Structures are given as C-alpha cells and as structure tokens.
There are 2 protein chains.
Amino acid sequence: MTEAMSRVTREHYHHGALRQAMIAAAEAVLAERGLGGFTLRECARRAGVSPAAPAHHFGNLTGLLTTIATLGFDDLSDAMEAAVASAQAQGRSRLAAIARAYVETALGNPGRFRVVFGQREMDRQDAAFRAAATRSFGILVREVRLSRGLQPSRLPDEKPAAQAPAPDLPEVLLAWSAVHGFSTLLIDGALDFLTAEEGRQAFLDKHAARLFALLASALSAGQGLAKEAARD
Amino acid sequence: MTEAMSRVTREHYHHGALRQAMIAAAEAVLAERGLGGFTLRECARRAGVSPAAPAHHFGNLTGLLTTIATLGFDDLSDAMEAAVASAQAQGRSRLAAIARAYVETALGNPGRFRVVFGQREMDRQDAAFRAAATRSFGILVREVRLSRGLQPSRLPDEKPAAQAPAPDLPEVLLAWSAVHGFSTLLIDGALDFLTAEEGRQAFLDKHAARLFALLASALSAGQGLAKEAARD
DNA sequence: CCCGGTATCTTAACGACGTCAAGATTATTT
DNA sequence: AAATAATCTTGACGTCGTTAAGATACCGGG
C-alpha cells in the first residue's frame, strides 16, 4: 500500500525532535495568528509532519495547549522576577515593575496569554501546569506582603500558595485582579475606544504608571480598613 | 428534486421569527455548553432550521456573536443599575453593589460573558455594540466619580465615555480592571486552588466583600475624601 | 549481529464545523 | 394577478480534531 514513498519522506520518517518542533510551531502560530487562528493541523504542517503525528507526544490538542500554557506561565514568572530584580537595582517600586511586566507579557503575545488562562480547553489539573501557576502566585503573594512591609515568608521556599496568604488575601486578590483585568481588557480591545486616539503604547505610557501607583497605595493603605465592610 | 417535501417542513418553511429564535437558542447553548460548545449549527438545530438559514439574519457566525455580545452588555448594564438602585435604597455602598453585580453576571453565564468580551471573533465596531459598551462604561464612570464625592456629570445624558473621565481615568481603570479581572480569574478557574476547599460561593461570600471594600477605599484615597469609604 | 518489540510516523477515513451557490417556497409590492 | 423580494432548504466544499491500521525506524537482549 505504500511501496512508493517519496525519498524525502522516507529519510525523515522519524522527525526526531517532534515534541520540541511542535511547541515551537505552536508558539509561532499563536504569535502570528493568535488563538483564533490556532490549529493543531497548522502546527503539524509547520513541523513538517502529518496531522496525526502529534498525538504520540501530546495525546490530543488539549495536551498540547496544556504544555504551552505551562511554558507561558513559566515565562510570566520569569518576566516578573526579572522586573523585580531590575526595579530593586534601580530603587524603583517592585510592585509597579511586576504589574508592568505582567501587562507587557500579555500584550507581547495575546494568544499565548489566552492559552495560559484557559480560553481554550486544557487540563488545569496537570501537575506541571499547577506547579507553574503556583510559582507565579507565590511571587505575587511575596511581593504584596513585601510592599506592605511584612516578612515575605518564614522560609523562602515553602509552598506559598495554600497556606500563607490568608491574612493578606484581599490585598493579593486586588493586586492580581487589577493587573490581570487591565491586561485582558487591553488585549480584548475593550479599551480601544480610549486608546485609539493616542495609540495603545502612548496610552500605556501615560496612564499605566498612575494606575499602578494607585494600586500600590491601595495595598499599603488600610491594614484593617476593609474589615468593617465585610458584611456589606 | 424537491417534490416530496415533508408536510411539517412545508408548513413551517418560513419560520417567521427566526432571528429571535436563534438568539434564544444561542443563549441556551451558551448557558448549557459554554463558549467552547457553542456552534452555529447547534443553534440552528434548536431553532428548527437548516444550518444556512441564519445567514439571512446575521450574515455569519460573527454577526450572531455580535448580537449576543450587545445583548449581554445591555444585561450587564441593567444588572449594575439595578444593584445601584437597590444598594441606594438600603443605604449600602453603591460601588460594592456594582462590583458584586458584575461578578455575578459573569459567574451566572460565563459563556455569554466571554462573548461580550470578544473571546470569539465578533465585530467590535458594530454601532449597537459600541452603544451598549459605552453605556456600561458610563455607569462605571458615574459611580466612581460619585464614590469620590464629585458631581456625576454636568448633564445627565451627555455622552460620558469620550469626554469626561479624563481626570478620574486612573480610578475608573482600576475599578474596572479589578472587577473584570476578578470575574475572569474566577470563571477561567485560575482561582480554583483557592476556592476548591470551601466552594466558590462560600469563597465569594467570605472574601469578595473585603476585596470590594479595599477597592472602594483605594478609589477615595487619592483626593482624601474618605467619607464614603469610612461608612462602607 | 540480528531479531523481535516498541516507539514513531503516515495514510485514509469519519463526523462536525462554517460557508456558499442554487433552487424552492412564501411574503410583499406593484 | 404578476413580478419582485425575502426567507428557507438542499447539497456541496474545504477545514478541523481524532482514530484505526499499517509502515518505518530505533533499540536492547539473544
């Protein structure tokens, strides 16, 4: 049924590094076409492989997206850590630097950012993904506590997600929500009617810093100010 | 080729109210299956019509989604206005009520909420959609200004989007970003590792009010008008 | 060395999707 | 009443994710 295979096909019958090639192709597709134009077949095409080949490495589309989401979360963590280090060295606000890094990561590759936050079906229970998510959240918790003048954590490397953030949870939630919401509103075009005139980058340069400063002041403002309204 | 049409088909050849039926079907599909399970063919199936029929009323899938997004934005505005009125009558915080209404709208039908914010290709330039979006934004601007003890607007019904919010823009952006980010993090499951233990609703009852109170205090902090924040 | 088992990849096909062209049917206008 | 427009169906096209069956390459134990 297949005696006449093309020479090039036979020579490359085994790709050899398909998993890495698929990941690279997926990131390229997300960067070029966004999540809407993302397709398993297109990724396979770019990797020079049949549409069924990726199944051996990722199971199905969900598996590939879970992998991409994990890598994206790691990059988000790296970007935040780098921003913190750079801000520390320059004596600027660590929290504002984190916020800017978060927004820039989202704007830099909206498709990838959307994959990270599950706009397309993926496995959020995946162990590697959960680890990556926990790391990001830990960075946020640490920085929020630091910005409030508290100890970051007893031990620097204990699991920061499940245990510590109880007392500062509202502050952490506000910080994450604000930064994440601002990012998603931007990449979804919900703020276009505000940014269209001056351009998105100019808008960011003009207003983002004030927004982040307002957020930072909110986090350090009231130690117990929020409590009496808990009933509402 | 078509002499033998089924009797029921011939009698209902013209649906009569397909546009409304498609909208109803679309909302039902979004509520049941979410945005991931949303399909033009499935909506047509529920409306009792062939897959090609909706094209005459919506052009294509993008047109249908734009319509749904417009209705969803209107519902969001209605929910916010109702929450404000109710909070006013009971002497509670208007801003917290808006925030809660926003989150509840998102959690009540995540698929629809995602359509509103363009997770699937739609026409954001559509006039009706822009009007609905502007209305929502206007409500938010008004309430943020009110919460800061300022006049809501010179004239109550002039276009509030393009002109007014310049001075309070950072506060408005923080409010919208925080509430929107909190909503999307919740419906995307990014907070599941926090909500899994006690359940999502219990988590909301416990922490959402504190989060919103923190936000409200942040908005009034800048000008030093702590009147409302002190009460709520 | 080679030989069998296993991992990897291709081919071919399936059903579902959005969309379009062509035709049938009903509503509206003239 | 005839012509025109609006509405809906049929059938088809190309693309998608996935699967089963078969082909090919790698690899460790005789």
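Chain naming here is simple, since letters A, B, ... match the order of the sequence lines and numbering starts at 1 in each. Values in this document were obtained by computation on a predicted structure and should not be read as measured data.
The shortest heavy-atom contact between A:Ser50 and A:Ala44 is O-CB, 3.7 Å.
In this structure, A:Thr39 reaches the sugar-phosphate backbone alone: every heavy-atom distance under 4.0 Å involves primed, P, OP1 or OP2 atoms, never a base. Within the 4.0 angstrom heavy-atom criterion, only backbone atoms of the sugar-phosphate kind lie near A:Arg45; the bases stay farther away.
Taking the side chain of A:His56 as heavy atoms from C-beta on, and the options D:dA20, C:dC9, C:dT19, the nearest nucleotide is C:dC9. When distances are taken from the side chain of A:His14 to each of D:dT18, C:dA7, C:dT19, the shortest belongs to C:dA7. Among the nucleotides D:dC8, C:dT19, C:dT10, the one closest to any side-chain atom of A:Val49 is C:dT10.
Spacing between atom CZ of B:Arg19 and atom P of D:dA6 amounts to 15 Å, rounded to whole angstrom units. Rounded to whole Å, the distance from CG on A:Leu61 to P on D:dT18 is 5 Å. The distance from atom CG of B:Leu65 to atom P of C:dG18 is 10 Å, rounded to the nearest whole Å. Per the geometry, CZ belonging to A:Phe58 stands 15 Å off C1' belonging to C:dC9, to the nearest Å. Per the geometry, CZ belonging to A:Arg41 stands 12 Å off P belonging to C:dT11, to the nearest Å. Summarising the geometry, the separation between NE2 on B:His15 and C1' on C:dT25 is reported as 16 Å, rounded to the nearest angstrom. If you take CZ of A:Phe38 and C1' of D:dT15, they are 15 Å apart, rounded to a whole angstrom. Note: CG (B:Leu64) to C1' (C:dC17) measures 15 Å, nearest angstrom.
The distance between the ring centers of A:Phe137 and A:Trp176 falls below 6.0 angstrom.
Salt-bridge check for A:Asp188 with A:Arg114: passed, with a basic side-chain N closer than 4.0 Å to an acidic carboxylate O. Residues B:Arg145 and B:Glu171 are not paired through a salt bridge, judged by the lack of any N-O separation under 4.0 Å between the basic side chain and the carboxylate.
Taking 4.0 angstrom as the limit, B:His57 places a side-chain polar atom (N or O) nearer than this to OP1 or OP2 of D:dC8.
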